Protein chains: 2
Amino acid sequence: MTSSGTGPRRVTIDDVAEAAGVSRQTVSRALNDKGEIGVSTKQRVLDAALALGYRPSRFARGLVRQDTFSVGLVIPDLLNPFFTEVAAAALDAARGRGWHVVVYDTGDRVEEERGTLEVIASQVDAVVGYLSLPEDEIARLTRGLPVVLIDRKHRSERFSSILIDGEAGVHAAIRHLTAAGHRHIGMLDHAERSEPSVRHEWFDAAMSACGLDSGSVARADQSVEGGERALQELLARHPDLTAVFTFNDIIAIGALRAARRLGRQVPRDLALIGFDGLRLGTLVEPQLTTVALDTRSLGALAVEQAARLLTGSGPLHSDQLTVGAELRVRESA
Amino acid sequence: MTSSGTGPRRVTIDDVAEAAGVSRQTVSRALNDKGEIGVSTKQRVLDAALALGYRPSRFARGLVRQDTFSVGLVIPDLLNPFFTEVAAAALDAARGRGWHVVVYDTGDRVEEERGTLEVIASQVDAVVGYLSLPEDEIARLTRGLPVVLIDRKHRSERFSSILIDGEAGVHAAIRHLTAAGHRHIGMLDHAERSEPSVRHEWFDAAMSACGLDSGSVARADQSVEGGERALQELLARHPDLTAVFTFNDIIAIGALRAARRLGRQVPRDLALIGFDGLRLGTLVEPQLTTVALDTRSLGALAVEQAARLLTGSGPLHSDQLTVGAELRVRESA
DNA sequence: TTGAAAGCGTTACCAA
DNA sequence: TTGGTAACGCTTTCAA
């Protein structure tokens with residue numbers, strides 16, 4: 001009997017040293033391409049390391065030369081193109097700083113988010129992303145880590161937020177519709193939370209600014225199918241609508257499909273304007289008119305702010321942490 | 001003069017211990033919610049930690065309790081929906097094992113890939129993904145780390161591969177086309193490497209199996225625009241084509257667009273079959289017929305194999321590392 | 001060119 | 001309930 005349950009012991013630098021008949025600093029030198037080492041010695045060490053299957057411990061290494069940082073990026077659903085764009089931007093910004101990004105997809109489930117935060121604290125130097133837990137719980141789970149919330153306001157000092165200001169963009173969208181003669185404009189809001197979304201508020205404000213009654217609203221799940229169902233429902237209740245603004249592009253694309261199925265030609269019979277400005281919107285037919293967000297800035301700012309929070313180099317202030325949105329007229333309205 | 005260039009020293013557990021007037025193990029207990037500690041002591045420690053802004057070193061912690069693993073996932077372009085799906089699957093598989101995934105987007109540039117691998121070795125326990133560097137260079141850069149290549153064969157013992165077998169799927173696609181009466185079938189191959197792709201070989205084999213001359217081929221960049229241009233070029237050279245098989249869905253979607261612009265109605269005037277089976281293919285009009293890959297398995301298998309390689313628990317063997325593909329008939333053919 | 005010793009910041013194992 | 005001491009595996013500094 002030789003096995004004892006603890007599994008094979010890790011191969012350490014000392015094992016390599018012993019095998020090569022040198023000291024461990026010599027091994028370190030050989031492996032890290034420092035000079036000050038004889039060619040044959042180096043080769044012998046390298047061979048020994050290979051033979052033993054030695055892999056340096058990243059923890060031990062990180063402990064002694066404290067020069068690497070990593071952010072935990074928490075997203076609800078990487079397959080949602082919007083989050084993909086934000087994530088890609090965050091990766092890019094992090095690469096620019098030499099930071100590493102550990103990505104967690106919570107699948108839009110709160111328990112997963114909780115589990116992620118629980119485990120994240122010991123893996124990263126800062127947390128960035130879309131979080132839905134209450135602030136005090138986030139604070140508790142993340143211990144002392146800096147946290148940057150995207151598209152969500154914070155109260156606690158410990159947190160920072162990257163906010164979206166779509167007010168001007170949505171106003172432009174509604175003006176665009178009214179200029180085209182639309183008077184009956186509806187909205188497809190999201191269905192996740194109980195209160196109406198901020199985008200809904202912008203919509204209402206824009207409507208009244210244009211002298212229109214607050215439009216009719218249906219709630220849609222954040223998916224193409226959700227948009228499909230919701231438009232169908234909205235039009236059933238309000239057949240007189242000639243234009244619809246949606247919470248986001250995904251929902252708008254669903255609406256596009258539903259409109260086609262219902263025999264409503266877009267934009268002739270029904271004008272559609274989305275929100276987000278996804279690339280995806282240019283791939284559908286007709287191409288989606290949308291209130292476009294700078295998703296790149298969203299992800300990049302989040303990482304940037306995390307970096308500043310961590311290094312103590314003057315964090316950005318609220319007005320620099322807001323991303324605007326502008327109407328991008330394509331074909332659907 | 002008080003500043004000396006080295007920046008503020010890190011707050012350690014000893015600082016907290018001193019501030020709270022306890023030993024460092026007591027601090028450790030308080031912070032990790034172990035029992036065996038007085039309530040008031042615990043509170044005092046927690047307060048001190050908060051006041052000092054103490055954050056435990058993840059390296060020191062990882063060093064002592066060696067129970068966390070992470071994979072580096074290297075992809076060429078997260079914004080490409082295909083890679084997004086693979087990445088999402090990898091994240092999911094990793095979560096199941098309690099692994100962390102550090103994601104790197106190389107932007108399809110070799111220097112970035114090189115830079116990534118260079119830095120990755122000290123951050124992760126295994127590397128998984130799409131790599132384009134020569135094997136020996138990968139081996140050198142990744143030191144002793146296990147490496148799992150996706151969609152690429154390996155020679156070295158150090159590596160493992162997740163392979164795609166699309167042969168049967170492509171055969172089915174061509175049979176589907178011939179059954180519909182198509183005789184002049186072309187292909188849009190990718191333009192990246194110099195040799196024809198493996199998918200091209202499957203195409204040729206399928207064509208001759210159906211008794212057809214090896215079709216006409218154009219090369220397309222891996223983008224919607226690339227597909228657009230390539231189809232235009234292909235049809236200019238071979239106006240008699242009635243069907244086209246493409247290297248992947250992205251290119252097919254570009255082809256779809258080009259066909260529309262050229263006044264060729266799909267599938268009536270031109271049948272189109274893609275490869276990959278992206279969700280995106282269901283959002284376009286007409287919905288894309290495609291040879292669908294199980295992208296989830298791709299990502300999941302890669303992580304699974306990395307885990308096995310690392311823990312030494314019998315790595316999967318080649319036949320279990322192959323992902324099949326099947327024809328998914330939708331509307332474009 | 002090589003080696004010995006001293007950390008890096010934490011948790012685990014005992015003893016008090 | 002608390003504290004002392006010994007790891008954890010590596011790199012750095014200083015001597016040889």
Side-chain angles (χ1 to χ4, degrees), chain A residues 6-46 48-49 52-70 119 121-125 143-145, chain B residues 6-46 48-49 52-69 121-125 143-145:
Chain A
T6 48
R9 201 178 57 72
R10 182 185 180 98
V11 178
T12 75
I13 197 172
D14 288 314
D15 299 322
V16 179
E18 187 179 348
V22 297
S23 72
R24 70 153 161 270
Q25 334 18 284
T26 304
V27 176
S28 177
R29 282 194 275 259
L31 259 47
N32 295 319
D33 271 327
K34 308 261 183 199
E36 310 189 331
I37 186 175
V39 189
S40 69
T41 316
K42 179 166 177 176
Q43 192 54 52
R44 195 152 33 92
V45 171
L46 258 28
L52 268 52
Y54 169 68
R55 288 179 297 108
S57 150
R58 63 194 159 98
F59 293 114
R61 180 175 285 177
L63 187 56
V64 49
R65 36 179 232 230
Q66 351 206 52
D67 57 350
T68 64
F69 292 93
S70 53
V119 89
S122 54
Q123 288 295 313
V124 299
D125 303 298
R143 301 262 172 229
L145 296 184
Chain B
T6 49
R9 201 178 58 73
R10 181 186 179 95
V11 179
T12 75
I13 197 172
D14 288 315
D15 299 322
V16 179
E18 187 179 347
V22 297
S23 71
R24 70 157 161 268
Q25 333 22 288
T26 303
V27 176
S28 178
R29 282 195 276 259
L31 259 47
N32 295 317
D33 271 326
K34 308 257 184 204
E36 309 187 334
I37 186 175
V39 190
S40 67
T41 317
K42 179 167 179 178
Q43 192 53 52
R44 194 152 34 94
V45 171
L46 258 29
L52 268 54
Y54 168 69
R55 287 181 298 111
S57 150
R58 63 194 159 100
F59 294 114
R61 179 175 284 177
L63 185 56
V64 52
R65 39 176 230 229
Q66 354 206 53
D67 57 350
T68 64
F69 292 94
S122 53
Q123 287 296 311
V124 299
D125 303 298
R143 301 264 173 228
L145 295 184

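Quick caveat, the model's predicted, so the values are computed rather than measured. Lettering follows sequence order; numbering is per chain, from 1.
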Inset, instruction - Check whether any side-chain nitrogen or oxygen of S28(B) sits under 4.0 Å from OP1 or OP2 of dT11(C), and answer yes or no. - result: yes

Inset, instruction - Report which part of the nucleic acid L63(A) touches: base, sugar-phosphate, or nothing (heavy-atom distance under 4.0 Å, all strands). - result: base

Legend entry - Phosphate contact (dG3(D) OP1 or OP2) by S23(B) side-chain N/O below 4.0 Å: yes

Inset, instruction - Check every atom of dT2(C), dT11(C), dG9(D) against the side chain of R29(A) and return the nucleotide holding the closest atom. - result: dT2(C)

Inset, instruction - Give a yes or no on whether the backbone of A20(A) and the side-chain of R44(A) come within a donor-acceptor separation of less than 3.5 Å. - result: yes

Inset, instruction - State, with a plain yes or no, whether a side-chain heavy atom of D125(A) is found less than 4.5 Å away from one of R58(B). - result: yes

Inset, instruction - Let me know the distance between CZ of R143(A) and P of dT10(C), rounded to the nearest Å. - result: 13 Å

Inset, instruction - Choose from dG3(C), dC8(C), dT1(C) the nucleotide whose nearest atom is closest to any side-chain atom of T41(A). - result: dT1(C)

Inset, instruction - Could you check whether K34(B) gets within reach of a base, just the sugar-phosphate, or nothing at all, counting any heavy atom under 4.0 Å? - result: sugar-phosphate

Legend entry - Atom pair distance, as rounded to whole Å: CZ in R61(A) and C1' in dG9(C): 18 Å

Inset, instruction - Figure out the CD/P separation between Q43(B) and dT1(D), and round it to whole Å. - result: 16 Å

Inset, instruction - Would you check if V22(B) and R29(B) make a side-chain contact, meaning some heavy-atom pair closer than 4.5 Å? - result: no

Inset, instruction - Using whole Å, report how far CG of D14(B) lies from P of dG4(D). - result: 11 Å

Inset, instruction - Check the surroundings of atom CD in E18(A): do more than 12 heavy atoms from other residues, nucleotides or ligands lie under 6.0 Å from it? - result: no

Inset, instruction - Among dC10(D), dT2(D), dT10(C), find the nucleotide with the atom closest to the side chain of A60(A). - result: dC10(D)

Inset, instruction - Scan side-chain atoms only and decide if Q123(A) and T68(B) contain a donor-acceptor pair under the 3.5 Å cut-off. - result: yes

Legend entry - Whole-Å gap separating C1' (dG3(D)) and CD (Q25(B)): 6 Å

Inset, instruction - Starting at atom CG of D125(B), determine the distance to atom P of dG9(D), rounded to an integer number of angstrom. - result: 13 Å

Legend entry - Short side-chain N/O contact from T26(B) to OP1 or OP2 of dT2(D), under 4.0 Å: no

Inset, instruction - Write down the distance between CG (N32(B)) and P (dG9(C)), rounded to a whole number of angstrom. - result: 17 Å

Legend entry - Whichever of R24(A) and I13(B) has its nearest DNA chain C nucleotide further upstream toward 5': R24(A)

